[in-house]
Amino acid sequence: GAPKYRFLRQQGLHPVRRLPDALVIGVKKSGTRALLEFIRLHPDVRAAGSEVHFFDRHYSNGFTWYRHKMPPTLEGQITMEKTPSYFVTKEAPVRVHQMNPTTKLLVVVRDPVTRAISDYTQVASKRLNKDMKSFEELAFVNGSQCGIVNTSWGPVRIGVYARHLERWLKYFPLQQMLFVSGERLVVDPAAEMARVQNFLGLKHVVTEKHFYFNATKGFPCLMKSEGRSTPHCLGKTKGRNHPHIRPAALERLRQFYRPFNLRFYQMTGINFGWS
Ligand code: A3P
């Protein structure tokens, strides 16, 4: 380009689109949107606004396509993207590794039972005809009996975190992954964001001052953000009311997940406290 732009680029002052340095790879319905919105308050972070789905759906489009989905950044700024389905996509670990083996990976996790109900609630809300089967009918092979857990049903399968993590650990060391507690992101967003900023090597810019607890919504909301100076919460689709689930179904699911949760705690070295 013109000498002026070449100069600016050399100085790192001319924004260019780059492949991501860090990815929020999952887990769906655990608070991934909240995490992305919170971290992009940081001036040294730029993130793609919507889910790009490169490593699962659009991989054949190639890295140039992917790079063009990223926001322009200045040198030193971190480029990020979040697509929660990456965590459960078999091919994603090798593909991310091929792009850049030093990519930092963030995983938000939430009690798999609540996560499954949240997942179901989202699917149900999209159904125009309200003839959707109940959660219990879908989560168990024998429906209302609440006996055998239907492990082939997506909302159940996604919650077996240990199994999905195993595949990532074949390509990435544990130290390159950060596990964010979806529960703590709600009760103490600033503390969880301190961990995130440490992990990304960023100064602690996102702090208590950015959050306030909105009692009506029942979630932390933002005092201000990029382009908006007024307080606001995440959209209506984040923080939905969940349907009532039979206690026997909840108990059975907790029992089902218990060994997988323990395995996940061992693998990550973190006790997330899901009972
Ligand atoms: P529910 O709507 O079931 O409560 P994701 O963004 O990964 O799809 O996750 C959605 C979930 O993020 C919501 O699930 C909600 O519990 C959680 N969440 C965490 N922090 C939130 C916040 N500050 N505002 C709204 N939802 C938040």
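All ligand and atom numbering here is 1-based and tracks the order in the structure. Sequence positions, counted from 1, serve as the residue numbers for this chain.
Annotation: cation-pi geometry not satisfied between R252 and F140 (NZ/CZ under 6.0 angstrom from ring centroid, within 45° of ring axis).
Less than 4.0 angstrom separates some heavy atom of H242 from each of these atoms of ligand 1: 1 (P), 3 (O), 4 (O). Atoms of ligand 1 lying under 4.0 Å from any heavy atom of R240, numbered from 1 in the order shown and given with element: 1 (P), 2 (O), 4 (O). Of all atoms in ligand 1, listed by their number and element, those nearer than 4.0 Å to a heavy atom of R33 are 6 (O). Under a 4.0 Å criterion applied to the non-hydrogen atoms of S118, ligand 1 contributes the atoms 1 (P), 3 (O), 14 (O). Those atoms of ligand 1 with a heavy atom of L234 less than 4.0 angstrom away are 22 (C), 24 (N), 25 (C).
Heavy-atom separations between Q122 and ligand 1 are all 4.0 Å or longer. Note on ligand 1: L185 sits outside its first shell, no heavy atom being nearer than 4.0 Å. Every heavy atom of C233 sits 4.0 Å or more from the atoms of ligand 1.
In C221, neither the side chain nor the backbone holds a heavy atom less than 4.0 Å from any atom of ligand 1. The part of F38 lying near ligand 1 is the side chain, judged by heavy-atom distances below 4.0 Å.
Scored by the salt bridge (Lys or Arg N to Asp or Glu O under 4.0 Å) test, R263 finds E166 as partners (sequence neighbours excluded).
Between K217 and ligand 1, a contact under 3.5 Å exists for no N or O pair. For a threshold of 3.5 Å applied to N or O pairs, the pair formed by T32 and ligand 1 contains at least one separation below that value.
Separation of the W274 and F260 ring centroids does not fall under the 6.0 Å cut-off.
For R18 and T79, the side-chain atoms include no donor-acceptor pair closer than 3.5 Å.
Nearest protein heavy-atom neighbour of atom 8 (O) of ligand 1: K238 NZ, 2.9 Å.
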